[in-house]
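Some notes on the structure that comes next.
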Amino acid sequence: MTTQTTAPQTPGKMPAGSQASLVGIPPHIGRALATGGGVLTVISTFLAWTWTAEFPGDLTVYGYPGGLQVLVLIGGALTGLFGLASYGVKGLRWLAPAGADSAIKLSALAAWATAWYTVIAISTKLGGLVNLEPGGWVVAIATLTALIGALALPFDRPAPDPADPDDTGWEQFRHNARNTGVFIKAAFASGTSTPARKLPAYAEILVIVAALALGLTVFTYGIGTEYDELFVGFLITAGFSFAAAAKAGLVGRVSALTAKHRNVTMVGAFIAAAAFPFTQSDDQYATIGVYILIFATVALGLNIVVGLAGLLDLGYVAFLGVGAYTGAMVSGSPSSPFDIHLPFWASALLGAVVAMIFGVLIGAPTLRLRGDYLAIVTLGFGEIFRLAVLNADGTSGPDITNGSNGISSIPNLNILGFDFGQEHTIAGFTIARFANYFLLMLLITLVVVVVFRRSSDSRIGRAWIAIREDETAALAMGINGFRVKLIAFALGAALAGLAGTVQAHVTYTVTPEQYQFAHVVPPNSAFLLAAVVLGGMGTISGPLVGAALLYLIPAKLQFLGDYQLFAFGLALVLLMRFRPEGLIPNRRRQLEFHEEAEAPTVLSKAGA
Amino acid sequence: MTTDTTTKGATPGAPAPGETVLDARGVTMRFGGLTAVRNVNLTVNSGEIVGLIGPNGAGKTTFFNCLTGLYIPTEGEVRYKGNILPPKSFKVTAAGIARTFQNIRLFSNMTVLENVLVGRHTRTKEGLWSALLRGPGFHKAEAASRERAMELLEFIGLAGKAEHLARNLPYGEQRKLEIARALASEPGLLLLDEPTAGMNPQETRATEELVFAIRDKGIAVLVIEHDMRFIFNLCDRVAVLVQGEKLVEGDSETVQGDERVIAAYLGEPFEDAPGDEEVAEVEAAEAQAAAQADAVPGKENDR
């Protein structure tokens, strides 16, 4: 590690006292333990962990890893690789441009948490530790060794904040807790990234392609997890591994590259997403895929309203409903009051336009309000939409929407003779109904991404951000605040309406209950807003990731049952406490929330 | 009480007065029972730098807000180049009056360049469709805007920091950037609200140079300031606002020599304004319009 001068890689040379570690083992032994533990973990995943196939996943076989073992293997391999990188092994240094120590700690944590979760899950599910084969004991010890070794690695001790002796006991306790928090945070802090080596353009693009392929693999794996334990293990491993990669500086480096080649990244991401149905053998997971995509697209549309223009809209799902109802009514469905069957392009356009008109109608009176008032009024309008649709059933009101029965048996789309309801075989791959819609929805997502990107990087996008930052100053700079906000509102509504027309065909039926403020199944206004906030306001990838997580986690963690919403709420509270800017923060946004952090002087074009 | 003692042209070297850019007639602003600005007349001619001074709470910023459409004057009218100003601040900017703020109001999480580009908003037309379709016209307009913004940044000396976040600039440069952002809207009149507040003497001198350079571009300037040396160096004409009323207007000697101005600043009770009545009025008004903080006359006048 010759290039590292800031990160404490060579403990002997650093002055004593400024270094600390969480476990009292000499750092060089710790490093060896971590690296060795990582390697041993990898080996142990090839052993059998349990004797019976009652625990799902192939954990009984010697010779190859299966199920949760694969995840532990990844954690162990990362620990070992980061460990070797910290020794400065040639050819591995690129792994940790910002210092490997924190990355070792986090990846060891990933391996340890996943392995111990597996071991404990086996023991509790099968009733006792006797069900563990030697491999299970080996992996438990190996990951623990690696973790202890990793925690022995040194880091810069933060100067403790001296306590005031006059404080009461409670204040002393809080003070100590705060100091401990700072200390633990410092243990996982990463150094500054070394400047990137100049790569030729094709190599940079290859790196992007590799990163996207990795993303697709991780996503496909997550969607395809078949049992609860595997999904929990997936979340643990993926979360800690991503954190480790971020601490090692890899994420920063890749996002710098993607920011440099934005078009390549976009096309690549699009192709990777389009490849998803081809990796699936049946339509089961394509269903999840298309619902995630609908959810994500609408969340991205909401991100224009919330993330760029700063308008808190709690009734956004109504526009999806307007689009879906419009699409359903002109689809030739027998329960539609209109006996017309428009081609898809016309109904999509109509859905977008009708939603936009609703957006203007709702926005014109409400956008004169600011902040909380706007949120309350949009919440009200969202519910008004649902109730109006519910009552337009011919008895309480005009017969338009069929009331609570909704508009059902919406026929499948047929574009240029391509029937979306049928299976098709493309280049040897069978593409079934939901995969067809997945690909169509992907096109809509692409449209929304392009609209988001182009509008945010323009005169109107700057006006939105200016309004969000300081409305009075923006007005004084000649921005017609009301008009600009109305454009954001109408644009967001039109995009949701566009997604709605596809949604109507995917779900066969549109009913008022699909478009509530809060509901167990996304998309609904609360989940949409949560996806935007969780993913990161003002970014493109943020709501996409946020929506994928928010859809997958409830769908996969069925065993939580009634506690699902509780766990979800708890997770959101924790996220807002520790990472208010979202998982994939916009650079601006991150700076807003972390005033005290040293802000970079130059704002790169990242965060898209 | 409005004594017009303008002595235009008396100062050697002062630029010949051109056409009237700003013409405020009988501007009165009341907040409930409090009259923050009372019957103020003020004209600014092209190529002129006019100062507006007065003790804290004299109504200077309120008067500014009346000029820029943030407040709608209760009485009186404001004309810009002969046309009555619309009562919306973005329309005022479009008409040609740009302003800075007493407490800096930059878009702090946007870059320096983006801040100036926001200032170009009224002078560009590209709407949503052109942004989405990205025709040749869009790219041309964006490039022209960027070029113009970079020119302005060069003019104020921040071209090297175009990609920095506005919040990361040192205080003095933030003030400069605010001026550049206002200039980006191509105003005929620039209103500066305490442009040197919190600056050290060097920065103040640099700002002085900057204001002269702006005047030389043919932009009239109206400036509020507490730094008397700055004002008297800079301004062709100075108006003194005390308790919402214009006391004196004239060149620096006239104003400096006027005993009522000295009285207003140094705290001697001036002829027809005994303290008690005012204090009572102030207290009543404060209770009523506590929110309008900058409209409340300061008490130091009456001490």
Side-chain angles (χ1 to χ4, degrees), chain A residues 304 310 356 447-448 450-484 486-492 494-495 538 581 586-595 598-605 607, chain B residues 65 68-70 88-101 104-134 138 141-142 145 161-169 178 181-182 184-187 191:
Chain A
I304 292 181
M356 187 167 81
V447 168
V448 177
V450 168
V451 166
F452 186 97
R453 233 183 79 175
R454 293 196 160 179
S455 61
S456 68
D457 180 25
S458 72
R459 170 175 174 268
I460 198 100
R462 287 191 294 269
W464 286 335
I465 299 169
I467 291 266
R468 195 192 72 200
E469 294 263 311
D470 186 337
E471 188 158 349
T472 307
L475 290 177
M477 287 303 114
I479 293 171
N480 184 344
F482 176 67
R483 191 187 141 87
V484 166
L486 193 60
I487 290 175
F489 212 71
L491 180 66
L495 295 177
E581 68 274 21
N586 182 311
R587 291 231 44 74
R588 284 187 229 288
R589 209 78 193 171
Q590 194 167 28
L591 294 171
E592 274 169 53
F593 282 112
H594 297 280
E595 299 265 347
E598 201 176 306
T601 45
V602 176
L603 180 74
S604 66
K605 287 272 175 213
Chain B
N65 287 345
T68 52
L70 280 179
K88 286 256 169 51
S89 61
F90 65 89
K91 287 183 184 160
V92 170
T93 312
I97 299 184
R99 70 169 294 174
T100 65
F101 291 89
I104 301 176
R105 298 190 87 150
L106 285 171
F107 306 120
S108 51
N109 293 306
M110 296 174 89
T111 65
V112 168
L113 181 65
E114 282 171 333
N115 265 281
V116 182
L117 284 173
V118 169
R120 298 276 311 154
H121 191 87
T122 51
R123 301 296 167 232
T124 43
K125 292 220 157 32
E126 283 63 47
L128 182 65
W129 287 116
S130 101
L132 294 184
L133 300 176
R134 300 259 151 141
F138 175 83
E142 276 289 281
S145 270
K161 292 191 171 179
E163 292 300 320
H164 288 219
L165 279 185
R167 59 188 287 159
N168 290 340
L169 293 184
E178 222 190 3
R181 186 179 69 175
S185 66
E186 293 171 11
L191 307 183

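Reminder, nothing fancy here: chain letters follow the sequence lines and each chain counts from 1. Any value given below was found using the heavy atoms of this structure, including those in side chains, with hydrogens, waters and symmetry copies removed.
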- Query: Do L475(A) and F90(B) come close enough that some side-chain heavy atom pair is under 4.5 Å?
  - Reply: yes
- Task: Would you indicate whether the side-chain heavy atoms of E469(A) and S108(B) approach each other to under 4.5 Å?
- Result: yes
For each of [options], tally heavy-atom pairs with chain A at distances under 4.5 Å, and name the one with the top tally.
options: N115(B), V118(B), T122(B), V112(B); answer: V118(B)
options: L169(B), T100(B), L128(B), I97(B); answer: L128(B)
options: E126(B), R134(B), R99(B); answer: R134(B)
options: H121(B), E178(B), R120(B); answer: H121(B)
options: T68(B), L133(B), V92(B), L117(B); answer: L117(B)

Spell out, as yes or no, whether a donor-acceptor pair under 3.5 Å connects the side chain of [X] to the backbone of [Y].
X: R105(B); Y: D470(A); value: no
X: E114(B); Y: R462(A); value: no
X: E142(B); Y: S458(A); value: no
X: R459(A); Y: T124(B); value: yes

- Query: Which heavy atom of A473(A) sits nearest a heavy atom of R181(B), and at what distance?
  - Reply: CB-NH2, 4.1 Å
- Query: So, for A476(A) and F101(B), which heavy atoms are closest and what is the spacing to 0.1 Å?
  - Reply: CB-CZ, 3.6 Å
Which atoms of [X] approach chain A - backbone, side chain, both or neither, heavy atom under 4.5 Å:
X: S130(B); result: neither
X: L70(B); result: side chain
X: K125(B); result: backbone

- Name the option with the most non-hydrogen atom pairs under 4.5 Å to chain B; the candidates are N480(A), V484(A), I460(A). N480(A)
- Query: Rounded to the nearest 0.5 Å, what separation is found between the CD1 atom of I487(A) and the CH2 atom of W129(B)?
  - Reply: 11.0 Å
